[in-house]
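In what follows, chains are A, B, ... by sequence order, proteins preceding strands, each numbered from 1.
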Number of protein chains: 2
Amino acid sequence: MVAVEEPVVHDQVFHEPNGRDCRLVGDILARVGDKWSMLVVMTLLDAPLHFNELKRAIRGVSQQMLSRNLRALERDGLLTRTVHVGVPVRVEYALSDLGRSLAGPVQALGAWAVEARPAIEASRAAFDRELDKI
Amino acid sequence: MVAVEEPVVHDQVFHEPNGRDCRLVGDILARVGDKWSMLVVMTLLDAPLHFNELKRAIRGVSQQMLSRNLRALERDGLLTRTVHVGVPVRVEYALSDLGRSLAGPVQALGAWAVEARPAIEASRAAFDRELDKI
DNA sequence: CGGAATCCTCCAGGATACTG
DNA sequence: CAGTATCCTGGAGGATTCCG
């Protein structure tokens, strides 16, 4: 079975007639929505950091995922990786201009999150209470 | 093993001294970042829809995931679900005010995505080319 | 120090079939 | 029409170990 069938989801990037950018956005949201990427971006907003500095700054992340995310972000051009030779080796991660430009929209979403949280939690509680009654 | 250990990631909501809302945002980003939720929100922005109308509007989604997402969004208070009794039954999904308020930030991110895409894809191509050379 | 490699688990998400 | 139930797969993400 080698996928002879017609392309499904990811190939129809703009499926809406009225210029909405839905699918593309979905793609980006997937990147933005993963557990650590935006945390990395936000952390690097203040200053460039070394690997272990980052790992300490973002508590709870495994080296595994931090490493993966950093590579992915570098691949996307959102940050730069520069190796400083020496003993010990030091690698510096810094936001690129593209990466910095992402901070605005993300912070907007963050602001929304902060403001909406009480309403969301109240709604969840109410919803769950209804379920228990039944 | 009943998780006696100290709380790890999700309990430290604000771990940064300087008022940044990192963890909380991460939580919201996870919701926002899943494959279909924001597509639902964006689709309902124009008008309320019935289940199958939604399913048709968002091509490629399974009933399974659409159903799950709708319930999750309803639970969070982002949309309302009203059953119109009759034959056949009709259920209408509509954005709540809270849900509508989310559209702004998401569209901002969408705009960024559209603008940044060429740069991102160029960066990816360059990155992958480097790998092939080695 | 900055990773790569390996192994494992959990869950988002798809496909299909059934129900009221 | 609007779901729920069941089964299955890939990949995100964690833990641990090894390496230059």
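The stretch residues 72-84 of chain A touches DNA chain C through Arg81(A), each having a heavy atom under 4.0 angstrom from the strand.
Each of dA2(D), dG2(C), dA12(C) was ranked by its minimum atom distance to the side chain of His50(A); first place goes to dG2(C). Of all nucleotides listed (dT4(D), dG13(D), dG13(C)), dG13(D) comes nearest to the side chain of Lys35(A). Closest to the side chain of Arg68(B), from the set dA4(C), dG2(C), dG14(C), is dG14(C). The side chain of Arg90(B) has dA2(D) as its nearest neighbour among dG2(C), dA2(D), dA4(C).
Rounded to an integer number of Å, the gap from Asn52(B) CG to dG3(D) P is 9 Å. The interatomic distance linking Met65(B) (CE) with dT6(D) (P) rounds to 18 Å, in whole Å. Here the P atom of nucleotide dG13(D) and the CZ atom of Arg71(A) are 17 Å apart, to the nearest Å. One can place CZ of Arg56(B) at 10 Å from C1' of dC1(D), the figure rounded to the nearest angstrom. A straight line from CZ of Phe51(A) to P of dG2(C) spans 8 Å, rounded to a whole angstrom. Nucleotide dT4(D) holds its P atom 13 Å from the CG atom of Asn69(B), rounded to whole Å. Following rounding to the nearest Å, Glu92(A) (CD) and dG3(C) (C1') show an atom-to-atom distance of 17 Å. For the pair Leu54(A) CG and dC1(C) P, the computed distance is 14 Å after rounding to whole Å.
Of the side-chain N and O atoms in Ser67(B), one or more sit less than 4.0 angstrom from OP1 or OP2 of dT4(D). Tyr93(B) has no side-chain polar atom (N or O) that falls below the 4.0 Å cut-off from OP1 or OP2 of dC1(D).
Atoms CZ and OG, on Arg68(B) and Ser37(B) in that order, are 12.0 Å from each other to the nearest 0.5 Å. One distance of note links CZ of Arg90(A) with CG of Asn52(A); it measures 8.5 Å at 0.5 Å rounding.
Side-chain contact between Arg117(B) and Ile120(B) is absent, with no heavy atoms from C-beta onward closer than 4.5 Å. Side-chain contact between Leu66(A) and Trp36(A) is absent, with no heavy atoms from C-beta onward closer than 4.5 Å.
Nearest-nucleotide positions on DNA chain C for Gly33(B) and Pro88(A) put Pro88(A) closer to the 5' end. Mapped onto DNA chain D by nearest heavy atom, Leu70(B) and Asp34(A) fall at different nucleotides, with Leu70(B) at the one closer to the 5' end.
Taking Ile, Leu, Val, Met, Phe, Trp and Tyr as members and joining any whose side-chain heavy atoms lie under 4.5 Å apart, directly or through other members, Val87(A) forms no hydrophobic cluster with any other residue.
Residues passing the salt bridge (Lys or Arg N to Asp or Glu O under 4.0 Å) test with Arg124(A), sequence neighbours excluded: Asp76(B). Take Arg71(B) and apply the side-chain hydrogen bond (donor to acceptor under 3.5 Å, both in side chains) test, not counting sequence neighbours, and it matches no residue.
Proximity of a side-chain donor or acceptor of Ser123(B) to a complementary backbone N or O of Ala119(B) within less than 3.5 Å is not detected.
When Leu78(B), Leu54(B), Leu73(B) are each tested for a side-chain contact (heavy atoms from CB on, under 4.5 Å) with Leu44(B), only one passes: Leu54(B).
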Between the protein and nucleotides 15-18 of chain C, which nitrogen or oxygen pairs come in under 3.5 angstrom?
from	atom 1	to	atom 2	distance (Å)
dA15(C)	N6	Gln64(B)	NE2	2.8

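Sorted by first then second residue, the salt bridge (Lys or Arg N to Asp or Glu O under 4.0 Å) pairs that include residues 92-108 of chain A, not counting sequence neighbours, are Asp97(A)-Arg100(A).
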